[in-house]
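This report refers to the structure that appears directly beneath it.
Every chain is numbered from 1 and lettered A, B, ... according to where its sequence line falls, protein lines coming before strand lines.
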Protein chains: 2
Amino acid sequence: MKAYELALDHIEEGILSGRYEVGSILPPERELATQLGIGRSSVREAIRALESQGVLDSAVGAGPASGTRVTSDQSRALTRLLKLHVSLGKYPVDDVVEARVSLERGSAALASTHATADALARLAEVVEAMEAAESIAEFSPLDTGFHVLIAEVSENTLISDLTRAVREALLQPIARASARMADWPGFRDGLNEQHRRIFAAIQAGDPDAAADLMEHHIRHAYSILPMNGAMP
Amino acid sequence: MKAYELALDHIEEGILSGRYEVGSILPPERELATQLGIGRSSVREAIRALESQGVLDSAVGAGPASGTRVTSDQSRALTRLLKLHVSLGKYPVDDVVEARVSLERGSAALASTHATADALARLAEVVEAMEAAESIAEFSPLDTGFHVLIAEVSENTLISDLTRAVREALLQPIARASARMADWPGFRDGLNEQHRRIFAAIQAGDPDAAADLMEHHIRHAYSILPMNGAMP
DNA sequence: CGACCGCCATTGGTCTGACCATACGTCAGT
DNA sequence: ACTGACGTATGGTCAGACCAATGGCGGTCG
C-alpha cells in the first residue's frame, strides 16, 4: 500500500461513512501525517487528488476560516475530467452524440415543466443573441450557453452538471468543426430555427415535444458537422 | 499562480493540444520540475491530481515501461467522483432518479438494437441469478450488475461509464434502504418481474418498449424504497 | 475604557536533499 | 551464447526548513 493511498483511503472513508460532511475541516496536514504515520508530502498528494475532484478545498492562514475543508463542488471537476478524456479520444463521436441525446432529452423535458417566467426570459435572450451572432466565435459559446441554460432550468443538479460537462467538453471540437464548414451561415440559420422551436415547446410546457425536438436538433447538428477524425 | 497549478496547466495543455496522446510518456518528474522552474513535490502533486482523474499512470523502474504515462481510464475515476459527491448529499434523490431515467432509457434502447447472442445469454444469466437470490446482500450486486451490463451491451462507452458511475454510487445507499424495508421479498419479486420484461424487450429488439419499461422500473423502485434522509 | 496596531501562532505552499524500491540494461564471466 | 551481478533511471517517501497568508491576542495610545 502506497503511503498517499493510505491517506486517500482514510479521508474517503471518513466521507463515505459520514464522519466528514460538507463544511467539515480536516486535521492539519502535519497532524494527519503523524496520525497515519506517513510523511506530510504524502498527505498533501492525497489532498491534492481529492481537491482535483471537487471534494476538498484548502485555505491558508489561521483561525476557523483556514485549513482544508470538505466541499462538494463537482461541476468544474466533472467538466475537466470529461474534457480531458474526450480530448484523448476515449469516446467516439457517435457515443457522445447518443449520450447528449439521452441527457438533453431529459433536461429539455424537465425544463418544460419547471420553467419560470424569469428562466424563459433568459432563454429568449440567448436565442435572440444567437440569431444576431455573425461569427463562429460569437455563436459557439452562446449555443453552449443555450443548452447549459436549459439544463439549469430543469432544476436537476445532476443532469445539469452532466450536460454541462459533456457540452463544454465539446466546445473546442465543435468550434473547430464549424470552422471547416463550407456553408456555415446556412447551418447556423437551421440551428437557430430549431432553437426557436425548442424554446417554444419549453414555453408551452410540452415535455414530449421539447424532448423530441431536442433529439432531432442534436442529431441534425452532428449529421452535418464535419467531426470526423480523432477529435469527437 | 500556485506552483502545482503551473504543472497542472502545463500537462493539461499538452493533452488538450494533442502533444500528448494515450501512451505518451511524460518527462521524468525531476526534469519536468527544472523545466518549469518549480520543485519536484509540486510536480508530483499535479501528477497525482491527474492520476486520480484517470488521465495519468505512473510506473517505477527503468526502461521504456517506466515513467509516467498518459492513459484514459475514466471509469474508476468517474465512479469515485460521483460516489463521493452522492455521499456528501450534493444530489437530491429525485435528481438522481431523473438522471438514471434519462441515461438508462438510452442504454436500454441502444442495447435493444445492439445485443448479440452472447450478450443476451449473459443478461439471461443475471436475470436468473437474481431470481434465485434470497438475501439482500446477494441480490443488490446482481441488480447493479444487470443495469451495468445493459449499459455495456449498448456499446456506448460514455453512456456506459456514466450509468455505471451513477449506479455504483448508489449501491450502498440502495442496500441500506432495502434493509429497512418491511416486505423486501415482495419488492424483490416485483423487480424481478420487471427485469424479465426488460430483458424480453431487449431480446425482441424493441427499443421503445425497452426504454419505457426501464423508466417505469426505475421510477417504481424509487417510489417504494425508503431512501428518505440525507443519503439518496 | 475602548479602539487601533503590531507581534505571534497556525496553517497551507514550496523547495531541497536525501534515501529507498523497483525494474531494466549492460557487461563480465562462464 | 547464456547467466548473473552491478549500475542506473525512475517513481515513492521522508525530514526539515523556510515562505506566505491570516486571524487572534495583547499591549499601547487616545
Side-chain angles (χ1 to χ4, degrees), chain A residues 1-12 14-15 19-20 22-73 76-77, chain B residues 1-12 14-15 19-20 22-73 76-77:
Chain A
M1 171 78 79
K2 291 173 195 159
Y4 85 95
E5 285 178 353
L6 194 70
L8 206 51
D9 288 351
H10 176 80
I11 301 174
E12 269 186 18
I15 290 173
R19 266 191 300 115
Y20 292 139
V22 173
S24 300
I25 297 210
L26 264 58
E29 294 175 356
R30 293 165 176 87
E31 192 178 321
L32 211 42
T34 55
Q35 270 181 25
L36 299 173
I38 60 182
R40 188 182 160 208
S41 48
S42 297
V43 172
R44 283 182 62 77
E45 288 182 16
I47 289 176
R48 204 59 80 200
L50 290 170
E51 196 179 286
S52 80
Q53 302 190 28
V55 171
L56 296 181
D57 189 38
S58 294
V60 296
S66 72
T68 301
R69 177 182 306 272
V70 178
T71 67
S72 192
D73 177 21
R76 271 178 317 154
Chain B
M1 171 78 80
K2 290 173 196 161
Y4 84 95
E5 286 177 352
L6 193 70
L8 206 51
D9 287 352
H10 176 79
I11 301 174
E12 269 185 17
I15 291 174
R19 268 191 298 113
Y20 292 140
V22 172
S24 300
I25 298 208
L26 264 58
E29 294 174 357
R30 294 164 175 86
E31 193 179 320
L32 210 43
T34 55
Q35 268 182 26
L36 299 173
I38 59 181
R40 188 180 161 209
S41 47
S42 298
V43 172
R44 284 181 62 77
E45 287 181 17
I47 289 177
R48 203 58 82 200
L50 290 170
E51 195 179 286
S52 80
Q53 300 188 29
V55 171
L56 296 181
D57 189 37
S58 295
V60 296
S66 72
T68 300
R69 176 183 306 272
V70 178
T71 66
S72 192
D73 177 21
R76 272 178 316 155

Checklist line | Between P of D/dT13 and CG of A/L8, the distance in whole Å | finding: 12 Å
Check: Can you list the residues that meet the side chain to side chain contact (heavy atoms under 4.5 Å, CB included) rule with A/I25, with sequence neighbours excluded?
Finding: A/R69
Pairwise N/O distances under 3.5 Å, protein to nucleotides 7-10 of chain D:
{"residue": "D/dT10", "atom": "O4'", "partner": "B/G61", "partner atom": "O", "Å": "3.0"}

Check: Mind checking what makes side chain to side chain contact (heavy atoms under 4.5 Å, CB included) contact with B/A3, not counting sequence neighbours?
Finding: B/I38, B/S42
Check: Tell me, which of residues 39-52 of chain A have any heavy atom that sits under 4.0 Å from an atom in DNA chain D?
Finding: A/G39, A/R40, A/S41, A/S42
Notebook entry, point to check: Taking only residues two or more places apart in sequence, or in another chain, which ones meet A/T34 in a side chain to side chain contact (heavy atoms under 4.5 Å, CB included)?
Noted result: none
Margin query: I'd like the 5' and 3' limits of the part of DNA chain C contacted by chain B, with heavy-atom contacts below 4.0 Å.
Written below: C/dG13 to C/dG25
Notebook entry, point to check: A/D73: what forms a salt bridge (Lys or Arg N to Asp or Glu O under 4.0 Å) with it, not counting sequence neighbours?
Noted result: A/R76
Checklist line | With B/R30 via salt bridge (Lys or Arg N to Asp or Glu O under 4.0 Å) - residues at least two apart | finding: none
Next item on the list: Determine which pairs satisfy salt bridge (charged side-chain N to carboxylate O under 4.0 Å, His left out) with at least one residue from residues 53-62 of chain B, sequence neighbours left out, and list them in order.
Entry: none
Margin query: Holding to side chain to side chain contact (heavy atoms under 4.5 Å, CB included), I want the full list of residues that pass it with B/T68, two or more places apart in sequence or in another chain.
Written below: B/L26, B/I47, B/L56, B/S58
Check: Under the salt bridge (Lys or Arg N to Asp or Glu O under 4.0 Å) test, which residues partner A/E29, sequence neighbours left out?
Finding: A/R40, A/R44
Check: Quick one: B/M1 CE to D/dA20 C1', roughly how many Å, whole number?
Finding: 17 Å
Notebook entry, point to check: According to the salt bridge (charged side-chain N to carboxylate O under 4.0 Å, His left out) rule, which pairs have a member within residues 47-56 of chain A, sequence neighbours left out?
Noted result: A/R48-A/E51, A/R48-B/E45
Notebook entry, point to check: Once you round to the nearest 0.5 Å, how far does CG of A/L36 lie from OH of A/Y4?
Noted result: 15.0 Å
